[in-house]
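The chains referred to below are lettered A, B, ... by the order of the sequence lines, with proteins before strands, and numbering in each begins at 1. Here the structure is a predicted model, which is why all the values come from computation and not from measurement.
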There are 2 protein chains.
Amino acid sequence: MDVNEAAGCVCFNLRKAARAVTQLYDAALEPSGLRATQFSLLAKLHFEGPLAVSRLAEAMVMDRTTLTRGLQPLERQGLIAVAAGRDRRTRRVRLTARGRKRLTQAFPLWRTVQARVTRGLGAARRGRLLSELDMAVSAAQGA
Amino acid sequence: MDVNEAAGCVCFNLRKAARAVTQLYDAALEPSGLRATQFSLLAKLHFEGPLAVSRLAEAMVMDRTTLTRGLQPLERQGLIAVAAGRDRRTRRVRLTARGRKRLTQAFPLWRTVQARVTRGLGAARRGRLLSELDMAVSAAQGA
DNA sequence: GCAAAATAGGTGTATATACGCCTATTATGA
DNA sequence: TCATAATAGGCGTATATACACCTATTTTGC
């Protein structure tokens, strides 16, 4: 173990950046009553339509049981609804009218903070970052 | 809201990558009994010596109260110890002998998974990723 | 010297995360 | 057909995360 070799840990640095950036997005979205993760979930449902729990979990690159817990506060607030799916095993998750309204309200807040981060990073660097994050996901899952 | 504009959300993509990569590191570190975050905490304490709770939190870019909770399982296992600090407010956190031993045991596991991710990404891309993550942290905190 | 501000840290609560294990249902193949 | 595998999803538990709020102590400015 040389002098802080672990400082270059990909996992640690990803988590660190996720913490810092999430706090910024959470604060920006606060007037909408949504957390960053909740905003992403509603947006995914809005743009990709009703989905079974496991399909939504795959789309979010999220453990299915993580998603189950994450859906609960959204369902409590009536922003999403879960109904029986194609067969008796599956449950389809969909955005409610209230959820769509909340998403519409949150969207400008998201745009503002996204623009702020984009300015801070530079658009080109932001593009590279997103592309490298995608590759990191592939590397982690394909490994 | 055009077609999935939110898919380019820096926060979402950071969190997504952090989830995927953390699962890989957690699985790799499993034989040591440490989670990725715990490994990072022990490594930080090893390389940067005993630190007050707030100083450690700053070094980790972690909320102080997050750190308080995160230290508890490590203290329970006797991997770290917390003692009175310079004045009666501060508490110094240090690695114990047992913690050092555990870190030494985990280090090769970490090196292996870090090397795997580095191969998957390419060393150059990994370097760029780490540098962009640093800038994202600065952008988030300086914003 | 002392009141106010700054610093240090914990607790309550809520969400985020995922592993192991469980049940239920559907699909498959001999 | 029917045993088995595959699929779908929840629950218990544990860590990770951080905000609002609290107490205790120290520092600062007058």
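Contact detail for A/F12 and A/R19: the closest heavy-atom pair is CE1-NH2, 4.0 Å. In this structure, A/K44 and A/L56 approach most closely via the heavy-atom pair CG-CD1, 3.7 Å. For the pair B/A18 and A/A18, the tightest heavy-atom approach, listed with the atom from each and the gap, is CB-CB, 4.3 Å. Listed here is the closest heavy atom pair of B/G70 and B/P73: O-CD, 3.4 Å. The two residues B/L79 and B/L95 make their nearest non-hydrogen contact at O-CD1, 3.6 Å. For B/L45 against B/V93, the heavy-atom pair with the smallest separation is CD2-O, 3.6 Å.
Interatomic distance, CG of B/L42 versus CZ of B/R100, reported as 10.5 Å (0.5 Å rounding).
Between B/F107 and B/F39, the distance from one ring center to the other falls under 6.0 angstrom.
Only A/R89, A/T90, A/R91, listed by number, bring a heavy atom of residues 71-95 of chain A to less than 4.0 angstrom from any atom of DNA chain D. Contacts between residues 6-19 of chain A and DNA chain C, defined by a heavy-atom separation under 4.0 Å, are absent. Near DNA chain C, meaning a heavy atom under 4.0 Å away, the residues from residues 28-37 of chain A are A/R35, A/T37.
Among D/dA16, D/dG9, C/dA18, the nucleotide with an atom closest to any side-chain atom of B/Q23 is C/dA18. For B/D63, the listed nucleotide lying nearest its side chain is D/dA18; candidates were D/dC21, C/dA18, D/dA18. Of the candidate nucleotides C/dT11, C/dG9, C/dA18, C/dT11 has the atom lying nearest to any side-chain atom of B/R69.
Taking atom CE of residue B/M62 and atom C1' of nucleotide C/dG10, one finds them 17 Å apart after rounding to whole Å. The CZ atom of A/R64 sits 16 Å away from the P atom of C/dA24 (whole-angstrom rounding). As a whole-Å value, the separation of A/E58 CD from D/dA8 P is 8 Å. For the pair A/L67 CG and C/dA16 P, the computed distance is 11 Å after rounding to whole Å.
The phosphate of C/dA8 has OP1 or OP2 within less than 4.0 Å of a side-chain N or O from B/R55. Proximity of A/T66 to the phosphate of C/dA16: no side-chain N or O atom is located under 4.0 Å from OP1 or OP2. Taking side-chain N and O atoms only, B/S54 has no distance below 4.0 Å to OP1 or OP2 of C/dA8.
Contact annotation: side chain of A/T65 to base of C/dC19, donor-acceptor pair present below 3.5 Å.
Under the 4.0 Å criterion applied to side-chain N and carboxylate O atoms, A/R111 and B/E5 are assigned as salt-bridge partners. Taking 4.0 Å as the cut-off between side-chain N and carboxylate O, A/R64 and A/E58 do not count as a salt-bridged pair.
Under the 3.5 Å distance criterion, the side-chain polar atoms of A/E132 are left unmatched by any main-chain donor or acceptor of B/R126. Panel note: side chain A/R76, backbone A/L71; no donor-acceptor pair is recorded below 3.5 Å.
Each of A/D26 and A/A52 has a nearest nucleotide on DNA chain D; the 5'-most of these lies closest to A/A52.
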